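In what follows, a structure is listed as structure tokens, so that the remarks can point back to it.
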Amino acid sequence: MQEQATPGWRALLPLCLAMATGYAAADPLAPVAGWSAYTAGQAATPPMGWNSWNAFATNIDEAKILGSAQRILDSGLAAKGYRYINLDDGWVAHRRIPDGRLLIRPDRFPSSVTAGGSSFRPFTDRLHAMGFKAGIYSDLGRNTCSQAFSPDSPDLPKGSVLEREVGLYGRIDQDIKLYFADWGFDYIKVDGCGVRAFGANEDKVRSGQYRALPPVLDLETVTRSDIPAVQAEFAQINAALRRYRPNDDFLLSLCIWGAGDVRSWGKNYGNVSRTSDDITPSWARMLSNFDSAAKRELYAHPGSWNDPDMLFIGKGDFDADHLVEARSHFSLWAMLNAPLLIGADLRTTPQALIDILGNADIIALNQDAAGNQATVAYDANDLQILVKQLASGRKALAIFNRGVAAIDVDLTAEHLKLRKDAPITLTDLWSKTDTTFTNETKLRVAPRETRIFRVQGARELAHGLYLSEQPGSVNPAVDGVTQPQPDPTLFRSSAAWSGTKGPGERPMYAGWGGARADSTPYGQVLQIAGTRYAAGIGILANSRLEVRNHGYRHITTRVGVDDTAQDRKHAVTFMIYGDGKLLAKSKALRWGQPAQALDADVSGVKSIELVARSATPGNAQQPVTWGDAALLSSAQPE
């Protein structure tokens, strides 16, 4: 028997990297007149639905899944957009040798039993007939997460070492064809434990239970990850999806838990990209997962969303005795444009929690067509204010009390980028009550509460939008980060999967120094030569931003090296391109020099690119600012 039906990633690495970086050129800052973030598949808005893992782990069966699907129908959640029913780990019996076909556990999925072996086609046909889409689970490696980390149990694949190799490694084309063309699935979640946890020194490998596969992912240290190898396998998966779903009717979920600097590149390889380790039904763990995505607003767009993991509403700190926490969890995921994937056993979920999951006004914020993840307008350890620009021209607002005491919050028009001299109306999306104020108001927020509103008011820019208001249309194609580092500002929880064993949870999710809206890459206020900018994009030098232009006629900004830069020697030149043509260029600017205004006519231009070039050898020392960067419908700046 041949070990692999298709070559592993190492053999195909050069080809796959070329496929995955279709816009890449010898000069990564050269204009491409296009959009390089992921647009394949079916994720114009974040996916909504249900996943089996949080409720059942590997102890899944047909009755549990169809029962949860039926509750989604009967409760009205399906009509509100919950349409994916996703199987997680635990469905596979083994891989048949020698042909390599995956077989389904017949005791758990009786409808799968066929004369030729097994098939999920009757199961997916039934879900489709109910109006749902169907999702399946696999892994980048030969083996899955449960095989790596769960105790041996009846739920794990059985048979020889080769029969228990049920992951995608070496079988991508065969398995993707099986899942999508033969079995009729619409969604695949691809885990990464198989390329992380089966090194030669692991106990389960040394004992002979599993074959060794050299790790290419390290959750704790980004420098120990082989990022090109991981990208190469996802490129192969994408190629197979296009072969077997040529109508683009698929959804690809990357589940590598924020490892391997996926923050910067997941948006180029799949529809959904996990930003953190697994969530648990703990308030502290929810904070960690929320933080892993909350300041990555420029790395999420229609077609490619940040994923802080599934909703854990229904257990622990988010059960029916903790409705404040459950509402916060749901509100925050909606503002992040996170996938709304329910993890509860819906057959027994109380109606009070169903009502939270079914809040149509909050679902609408998550599913808004503009695709703008909320930006952080106020940031403190115990309180955050999140603001999202909606396609209607209105805004969404969430005020999140992370702490244990009530807080009286001063909300200002500046937080919302609305005019101080015009009335602002807040519609509370839980109580459905309205509040109107001018300039500023005070709101009391209880411990662990998230107050969430739809906002109507007159914009600061009457005839346009700041780029920081439309992160869904701004892609940091090259963000200037050359040495990925963990973000030290994320909440670190003692409620991780290992409890308090070991040395504790250290900073591990790379992203420190990435592009930010209304902030420098390292979390400071944007400032050039002493002048502060409440609006703008902060990014490192040697970077290229792609901006989709939705009919605006003019772009205006003030550019310079940010005052936080440690590099005070090297100059930066700023350029604006429209559909690949140079429209405006600054002089060479150094630290301490005043900002230079750049303006350009972008009438009829579809793709705008903002490039900051520097000769600096260490981009981490040179943050730059696109201050007050805005697209306007008028021919001149306001």
Side-chain angles (χ1 to χ4, degrees), residues 15-45 231-232 234-235 238-239 241-242 246-248 250 252 254 262-273 296-306 369-373 465 467-468 470-481 514-515 517 537 539-540 542-555 557 574-585 598 600-613 626 629-631:
L15 172 62
C16 292
L17 287 179
M19 290 166 51
T21 56
Y23 282 106
D27 176 6
L29 303 186
V32 300
W35 181 260
S36 57
Y38 198 85
T39 56
Q42 298 292 309
T45 58
Q231 292 173 328
F234 278 121
N238 269 290
L241 286 168
R242 289 187 175 95
N247 60 356
D248 238 24
F250 63 83
L252 172 59
L254 281 57
V262 71
R263 180 273 316 164
S264 69
W265 56 265
K267 64 184 176 60
N268 303 330
Y269 287 81
N271 302 111
V272 168
S273 180
R296 299 180 182 181
E297 64 281 329
L298 291 171
Y299 296 85
H301 314 93
S304 56
W305 307 104
N306 289 322
N372 296 316
Q373 179 175 313
L465 286 175
L467 294 191
S468 59
Q470 46 183 323
S473 295
V474 180
N475 175 38
V478 181
D479 64 11
V481 177
I537 303 292
I539 195 168
L540 296 180
N542 289 321
S543 56
R544 179 172 60 85
L545 292 161
E546 299 168 350
V547 181
R548 282 176 159 164
N549 182 21
H550 302 288
Y552 290 103
R553 298 176 57 198
H554 200 82
I555 186 168
T557 184
F574 297 81
M575 288 154 281
I576 299 176
Y577 293 88
D579 291 338
K581 179 182 177 182
L582 182 64
L583 303 179
K585 181 178 180 179
L598 284 184
D601 185 344
V602 292
S603 300
V605 169
K606 294 182 179 179
S607 174
I608 301 168
E609 289 165 274
L610 309 181
V611 175
R613 285 186 180 272
W626 296 86
L631 286 169

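Predicted model only: the values in this text are computed from it and were never measured.
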State which residues pass side-chain hydrogen bond (donor to acceptor under 3.5 Å, both in side chains) with [X]; sequence neighbours excluded, sorted by chain then number.
X      : result
Arg548 : none
Ser607 : none
Asp248 : none
Thr557 : none

Could you please spell out the steps behind the side-chain contact (heavy atoms from CB on, under 4.5 Å) verdict for Glu546 and Val32? CA-CA 9 Å; Glu546 299 168 350; Val32 300; 3.8 Å; yes
Is [Y] close to [X] at the side-chain level, that is, under 4.5 Å between some pair of heavy atoms?
X      : Y      : answer
Leu631 : Val547 : yes
Leu610 : Ile537 : no
Tyr552 : Ile608 : no
Val478 : Asn542 : no

(Q) Quick check for you: to the nearest 0.5 Å, what is the distance between Ser264 atom OG and Arg296 atom CZ? (A)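 Interatomic distance, Ser264 OG to Arg296 CZ, rounded to 0.5 Å: 9.5 Å.
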*Would you give the length of the straight line joining atom OH of Tyr38 to atom NE2 of His301, rounded to the nearest 0.5 angstrom?*
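So the OH of Tyr38 and the NE2 of His301 are separated by 15.0 Å.
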### Task
Identify the residue among Ser273, Pro471, Pro476, Ser304 that makes a side-chain contact (heavy atoms from CB on, under 4.5 Å) with Tyr299.
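Exactly one candidate clears the test, Pro476.
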Review point. Among all residues two or more places apart in sequence or in another chain, which pass the side chain to side chain contact (heavy atoms under 4.5 Å, CB included) test with Val611?
Key: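 Testing Val611 for side chain to side chain contact (heavy atoms under 4.5 Å, CB included), a comparison that skips the adjacent residues, returns Leu29, Arg544, Met575, Tyr577, Arg613.
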By salt bridge (Lys or Arg N to Asp or Glu O under 4.0 Å), Arg263 pairs with (sequence neighbours left out) Asp261, Asp479
Would you call the rings of Trp265 and Phe234 parallel, tilted or perpendicular, taking 30° and 60° as the class edges?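 Trp265 and Phe234: tilted rings.
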- Item | Side chain Asn271, main chain Gly41, donor-acceptor under 3.5 Å |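 Absent.
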| Between Asn372 (side chain) and Gly472 (backbone), is there a donor-acceptor pair under 3.5 Å? | yes
